[in-house]
Amino acid sequence: MTITHQSLLEQLRISKQDIIRRKEYFNLTEEDTLILESLYPLIADRIDEVVDSFYDSILKFDEIDRLIGDVGTLNKLRNHLRAHILSLFEGNYDEEYVHSRLRVGVVHRRIGVEPKYFVSAVNNLAYILENIAIFPNDNECSRCVKELAALRKILMFDLSLTFETYIHSLMDEVRRSKEELERYAASLEETISERTRLLKEQARHDGLTSLINQHYFYKELRRELTRGLRRGHSTSLIYFDLDGFKQLNDTQGHRTGDQALVTVAKAVSAGIRANDIASRYGGDEFCVILPESTSSEAEILCQRMLNIIENHITQYHLTCSMGVATSTPAKYLDAASLVKKADEAMYMAKQNTGFSLQIAPE
């Protein structure tokens with residue numbers, strides 16, 4: 001098999017078990033993951049300030065300014081850095097995350113960024129994040145030791161992955177010993193076994209509708225947004241609820257309301273594509289993630305889904321208001337922003353009666 005038919009994880013023989021071990025090398029624990037996730041709202045709120053400060057700090061050097069070259073490239077880099085920084089605080093440090101960091105090393109090597117520039121850039125980014133997220137006021141430093149340690153661990157974890165691809169690109173692949181190959185094969189078997197177990201695990205699903213629950217919905221949405229940004233695809237989100245559902249519960253009881261929700265979930269599952277991801281967001285609210293979908297493609301799917309839902313819930317005398325929002329490579333939205341935008345579109349749809357749809361402008 002040629003190199004171009006292998007992922008970076010395969011080329012470097014980095015398995016799930018290996019990732020776990022690497023985290024142990026940096027003492028990157030579950031507690032650190034929770035700490036980083038807790039900083040996400042603050043970072044997301046000030047992400048533009050972080051990105052602006054970062055490029056202000058590096059563009060003062062002529063050699064880096066020349067390396068970037070033009071405003072178009074700079075804007076693309078800013079967009080990628082925005083997503084890159086946010087992913088530091090999402091808590092999903094799995095194969096997809098590691099692969100994205102390996103790609104950082106490949107891209108920077110290909111455009112000629114020397115290690116000294118990259119390391120200094122990471123140092124500048126650490127300083128900016130520390131002052132924005134951890135040390136916003138000098139008199140609050142005493143409570144920030146754990147936050148600072150967690151941030152430095154994940155940045156060093158990332159840096160090690162980046163340099164792995166730097167080194168790999170400068171070396172011919174060395175044959176691994178029989179023991180290493182056996183360990184890699186064993187880790188692959190463990191990965192397959194773990195994934196099979198996870199498929200059987202029902203904790204990720206809503207108990208009533210069998211759709212994924214809100215917690216896993218956000219994990220899937222963040223993963224799809226990151227994947228879409230990396231591959232240059234748009235990701236659309238459908239957000240809808242049932243008009244008249246409260247009245248149905250009040251007049252006919254919660255059992256009938258539950259039956260209506262199950263019926264809607266079945267209708268949604270029947271109307272989406274194989275790679276779409278349906279979720280019960282909460283109460284009578286549902287979300288559907290549409291990977292690799294533009295707003296116009298999402299609109300076609302929504303019209304079909306509205307017809308299917310209408311046919312399924314006739315006996316309940318309910319209607320449906322549906323909103324759609326899209327994150328594009330040119331205008332990336334994080335998970336929270338995309339949900340908010342789709343929710344706002346849904347409430348605009350409620351201005352119309354019956355089964356209604358509103359597409360949020362991109």
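- The backbone N or O of Tyr127 lies less than 3.5 Å from a partner atom in the side chain of Asn131, making a donor-acceptor pair.
- Leu9 places a side-chain heavy atom less than 4.5 Å from the side chain of Val98.
- Contact of the Ile68 side chain with the Leu77 side chain is registered, since non-hydrogen atoms from C-beta on lie closer than 4.5 Å.
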### Pair Asp284-Leu261, side chain to side chain contact (heavy atoms under 4.5 Å, CB included): steps then yes or no
CA-CA 7 Å; Asp284 63 322; Leu261 293 175; 4.0 Å; yes
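- Note on residues 292-316: pairs passing salt bridge (Lys or Arg N to Asp or Glu O under 4.0 Å), not counting sequence neighbours, are Arg227-Glu292.
- When side chains are defined from C-beta on, Met348 does not count as touching Glu344, because their heavy atoms never get closer than 4.5 Å.
- A donor-acceptor pair under 3.5 Å is formed between the side chain of Lys341 and the backbone N or O of Pro361.
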### Task
Dump the intermediate steps for side chain to side chain contact (heavy atoms under 4.5 Å, CB included) on Glu63 and Tyr117, then the final yes or no.
CA-CA 10 Å; Glu63 57 269 40; Tyr117 299 146; 3.4 Å; yes
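- Taken to the nearest 0.5 Å, the CZ atom of Phe118 stands 7.0 Å off from the CZ atom of Phe163.
- The shortest side-chain heavy-atom distance between Cys320 and Asp241 does not fall under the 4.5 Å cut-off.
- Note on Tyr93: it does not cluster hydrophobically with Ile20, by side-chain heavy-atom contacts below 4.5 Å among ILVMFWY residues.
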### Query
What do the steps show when you test Thr209 against Lys266 for side chain to side chain contact (heavy atoms under 4.5 Å, CB included), and what is the final call?
CA-CA 8 Å; Thr209 64; Lys266 291 180 179 178; over 6 Å; no
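- Between His312 and Val264 the shortest side-chain heavy-atom distance does not fall below 4.5 Å.
- Contact annotation: the side chain of Phe89 never approaches that of Leu42 to less than 4.5 Å [non-hydrogen atoms, C-beta and beyond].
- The main-chain N or O of His254 is never found under 3.5 Å from a side-chain atom of Thr256 such that the two would form a donor-acceptor pair.
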### Message
Checking Cys302 against Ile238 for the side chain to side chain contact (heavy atoms under 4.5 Å, CB included) test, could you report, in this order, the C-alpha distance in whole Å, the side-chain angles of both residues, the deciding distance, and whether it holds?
### Response
CA-CA 8 Å; Cys302 287; Ile238 302 171; 3.4 Å; yes
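- Pairs engaging residues 150-161 under the side chain to side chain donor-acceptor pair (under 3.5 Å) rule: Asp32-Lys153, Tyr97-Asp158, Arg101-Asp158, Glu130-Arg152 [sequence neighbours left out].
- Aromatic ring centroids of Tyr281 and Tyr239 lie under 6.0 Å apart.
- Using a 4.0 Å cut-off between a side-chain N of Lys or Arg and a carboxylate O of Asp or Glu, Glu96 and Arg230 qualify as a salt bridge.
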### Query
Could you go step by step and tell me if Asp48 and Arg82 meet the salt bridge (charged side-chain N to carboxylate O under 4.0 Å, His left out) rule?
CA-CA 8 Å; Asp48 291 331; Arg82 188 177 190 273; 3.7 Å; yes
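- Ion pairing of Asp276 with Arg273 is present here, as a side-chain N (NZ or NE/NH1/NH2) and a carboxylate O approach within less than 4.0 Å.
- Put simply, the side chain of Ile85 reaches to within 4.5 Å of the side chain of Leu125, judged on heavy atoms.
- Of the listed residues (Gln247, Lys246, Gln252), just one forms a side-chain hydrogen bond (donor to acceptor under 3.5 Å, both in side chains) with Asp250, and that residue is Lys246.
- Using a 4.5 Å heavy-atom cutoff, the side chains of Asp94 and Ile19 are not in contact.
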